[in-house]
Asker: 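Right, I'll just put the structure down here and ask away after.
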Amino acid sequence: MVAKIFYFSGTGNSLYLAKQMKREISNIESIEIISIQRAMNTYIDWNDIDVIGIFSPVYKAGLPNIVEQFCNRIPNNKYIFAVINYAIVPGSSVGVLQKLFKERNSKLDLAFTIRMPNNYIMLSGSPNENSQKRLLDRGSKKIKKISIYINNRKSKIRRFHNPFNFIFSLFNRVYKKESASLDRHFWVDEKCNGCGVCEDICLIKNIMIRNDRPMWNHNCEQCLSCLQWCPKKSIQYGKVTKNRERYKNPYIKLSELIDG
């Protein structure tokens, strides 16, 4: 039995959960964790894989564009599970994922959502350390419970039912429509020293350093990794982030996200 766990993670939450799951999965000869952005540019021999895991954040009540694109590459006849993390509500994320596989005559076997520390700084700053630890500990405990289903190859879809799901789906459509220009509000203040961390951490290579300043090339997923990991806290988004605390998962290193 061979398993591959694919993740998309700007601040480390999805990678944190993926690493937790790797420790809990049993009856597997080989388990590899790989970033979705790297997997999109790498040949994958799907024939050798029996179990496929997808770890993703919720974006605008749905899923990041790149996660949807990647899921369209996954073949049929695999045991597929997903763990979606969110800060406020899961929105229609699980439903979106189910629909993706159903349209390809495939099946999502298992899906759960886990609440994690907020990293959408446009909404609010980072929660305090106690709140972060509490949410991360709860996330680890939930991973243990989910792993029982996976180890026994059980099927279960835990969807978020809410009367506002229709509104969530519309919200996600707006995100997809505007995705090409999501980076138009990024800018850097006087503290920027052109170190290049933003260019290195950008998951989809949307940033280039020119004249010691980052330039965004209008292909943004709005993962906010550039803003959150900036060592000088010099990257801003519009007028809302200047005085807000940044968030990075405390158990994930910058090098892990860069290397993917």
Side-chain angles (χ1 to χ4, degrees), residues 3-22 31-42 44 49 51-74 78 80-88 90-101 108 110-122 136 139 143 146 172 175-176 179-180 182-183 198-207 216 219-229 247-249 251-260:
K4 281 193 185 290
I5 296 175
F6 300 95
Y7 70 91
F8 184 72
S9 191
T11 57
N13 284 342
S14 293
L15 178 54
Y16 170 80
L17 293 174
K19 291 173 69 175
Q20 297 288 309
M21 184 62 79
K22 181 179 180 181
I31 306 175
E32 182 184 7
I33 299 177
I34 181 172
S35 68
I36 285 177
Q37 62 270 20
R38 182 155 65 92
M40 291 286 281
N41 297 300
T42 303
I44 296 174
I49 306 172
V51 177
I52 297 172
I54 302 162
F55 285 74
S56 171
V58 170
Y59 274 19
K60 298 294 192 299
L63 296 171
N65 292 325
I66 192 172
V67 173
E68 292 194 25
Q69 293 164 13
F70 175 72
C71 288
N72 283 325
R73 298 187 177 191
I74 298 175
K78 307 290 182 181
I80 304 171
F81 71 91
V83 177
I84 311 297
N85 69 86
Y86 66 96
I88 301 175
S92 56
S93 55
V94 173
V96 168
L97 202 54
Q98 274 188 295
K99 184 179 179 182
L100 277 175
F101 286 104
L108 177 64
L110 181 142
F112 278 82
T113 59
I114 297 180
R115 188 182 176 195
M116 294 289 276
N118 175 55
N119 58 11
Y120 193 64
I121 195 171
M122 282 84 95
L136 293 170
I143 286 291
I146 298 170
N172 187 248
Y175 155 69
K176 293 183 183 306
S179 60
L182 286 172
D183 58 11
C198 55
E199 182 178 29
D200 293 337
I201 193 63
C202 182
L203 304 179
I204 56 173
K205 306 304 178 187
N206 182 50
I207 299 175
W216 286 264
N219 184 34
C220 183
E221 287 282 357
Q222 212 173 74
C223 70
L224 304 179
S225 59
C226 58
L227 186 152
Q228 301 283 21
W229 287 94
Y247 171 81
K248 303 182 290 289
N249 188 293
Y251 299 104
I252 298 299
K253 298 177 181 177
L254 173 64
S255 58
E256 292 182 272
L257 292 176
I258 291 175
D259 295 340

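Fair warning: this is a prediction, and the values are worked out from it, not measured in the lab. Just so it is clear, the values below take in all heavy atoms, side chains as well, and ignore hydrogens, waters and symmetry mates.
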Asker: Verify side-chain contact (heavy atoms from CB on, under 4.5 Å) between I52 and K4, making sure each step is shown before the conclusion.
Answerer: CA-CA 5 Å; I52 297 172; K4 281 193 185 290; 5.6 Å; no
Asker: Would a 4.5 Å heavy-atom cut-off, applied to side chains only, mark M116 and L17 as touching?
Answerer: yes
Asker: Which heavy atom in I5 sits nearest to a heavy atom in A18, and how many Å separate them?
Answerer: CG2-CB, 3.7 Å
Asker: Apply salt bridge (Lys or Arg N to Asp or Glu O under 4.0 Å) to residues K205 and E199 and explain how you reach the verdict.
Answerer: CA-CA 7 Å; K205 306 304 178 187; E199 182 178 29; over 6 Å; no
Asker: Rounded to the nearest 0.5 Å, how far does CG of N41 lie from CD1 of I204?
Answerer: 11.0 Å
Asker: To the nearest 0.5 Å, what is the distance between CD1 (I207) and SG (C220)?
Answerer: 7.5 Å
Asker: Flag the pair F8 / F55 as yes when their ring centroid distance falls below 6.0 Å, and as no otherwise.
Answerer: no
Asker: Does I49 offer a backbone N or O that forms a donor-acceptor pair with the side chain of K78 under 3.5 Å?
Answerer: yes
Asker: Side chains of T113 and N85: any donor to acceptor distance under 3.5 Å?
Answerer: no
Asker: Does the pair I44 and F6 meet the rule for a side-chain contact (heavy atoms from CB on, under 4.5 Å), with working shown?
Answerer: CA-CA 12 Å; I44 296 174; F6 300 95; 3.7 Å; yes
Asker: Between N65 and Y59, do the side chains contain an N or O donor and an N or O acceptor separated by less than 3.5 Å?
Answerer: no
Asker: Just how far is it from atom OG of S56 to atom CD1 of I66, taken to the nearest 0.5 Å?
Answerer: 10.0 Å
Asker: When you compare the side chain of I36 with that of Y7, does any pair of heavy atoms fall below 4.5 Å?
Answerer: no
Asker: Looking at CG of L100 and CD of Q69, how far apart are the two atoms once the value is rounded to the nearest 0.5 Å?
Answerer: 10.5 Å
Asker: For P57 versus L63, what's the shortest heavy-atom pair and its separation?
Answerer: O-CD2, 4.1 Å
Asker: Should T11 and L224 count as side-chain neighbours, where that means a heavy-atom distance under 4.5 Å?
Answerer: no
Asker: Is there a side-chain contact between I146 and L110 (heavy atoms, below 4.5 Å)?
Answerer: yes
Asker: Supply the atom-to-atom distance S14 OG to N119 CG, rounded to the nearest 0.5 angstrom.
Answerer: 8.5 Å
Asker: Could you check whether any side-chain N or O of Q228 sits under 3.5 Å from a backbone N or O of G10, counting only pairs where one atom can act as donor and the other as acceptor?
Answerer: no
Asker: Between I80 and F101, which heavy-atom pair has the shortest distance, and what is it?
Answerer: CD1-CE2, 3.7 Å
Asker: State whether the side chain of R38 and the backbone N or O of G260 hold a donor-acceptor pair below 3.5 Å, judged by distance alone.
Answerer: yes
Asker: Return the minimal non-hydrogen interatomic distance between S9 and L203, and the atom names on each side.
Answerer: O-CD1, 3.4 Å
Asker: Write down the atom of L97, the atom of A82, and the distance for their closest heavy-atom approach.
Answerer: CD2-CB, 3.3 Å
Asker: Sub-3.5 Å donor-acceptor pair from the side chain of W229 to the main-chain atoms of C202, do we have one?
Answerer: no
Asker: Quick one: do Q37 and F70 satisfy side-chain contact (heavy atoms from CB on, under 4.5 Å)? Show the steps, please.
Answerer: CA-CA 9 Å; Q37 62 270 20; F70 175 72; over 6 Å; no
Asker: Using only heavy-atom distances, determine whether the side chains of N249 and N13 contain a donor-acceptor pair under 3.5 Å.
Answerer: yes
Asker: How close do E256 and L15 get, counting heavy atoms only, and between which atoms?
Answerer: CB-CD2, 4.0 Å
Asker: Do I84 and P90 have side chains that get closer than 4.5 Å, going by heavy atoms?
Answerer: no
Asker: Rounded to the nearest 0.5 Å, what separates atom NZ in K248 from atom CG in L257?
Answerer: 11.0 Å
Asker: Output, in order, the C-alpha distance, side-chain angles, deciding distance and verdict of side-chain contact (heavy atoms from CB on, under 4.5 Å) for I54 and F81.
Answerer: CA-CA 6 Å; I54 302 162; F81 71 91; over 6 Å; no
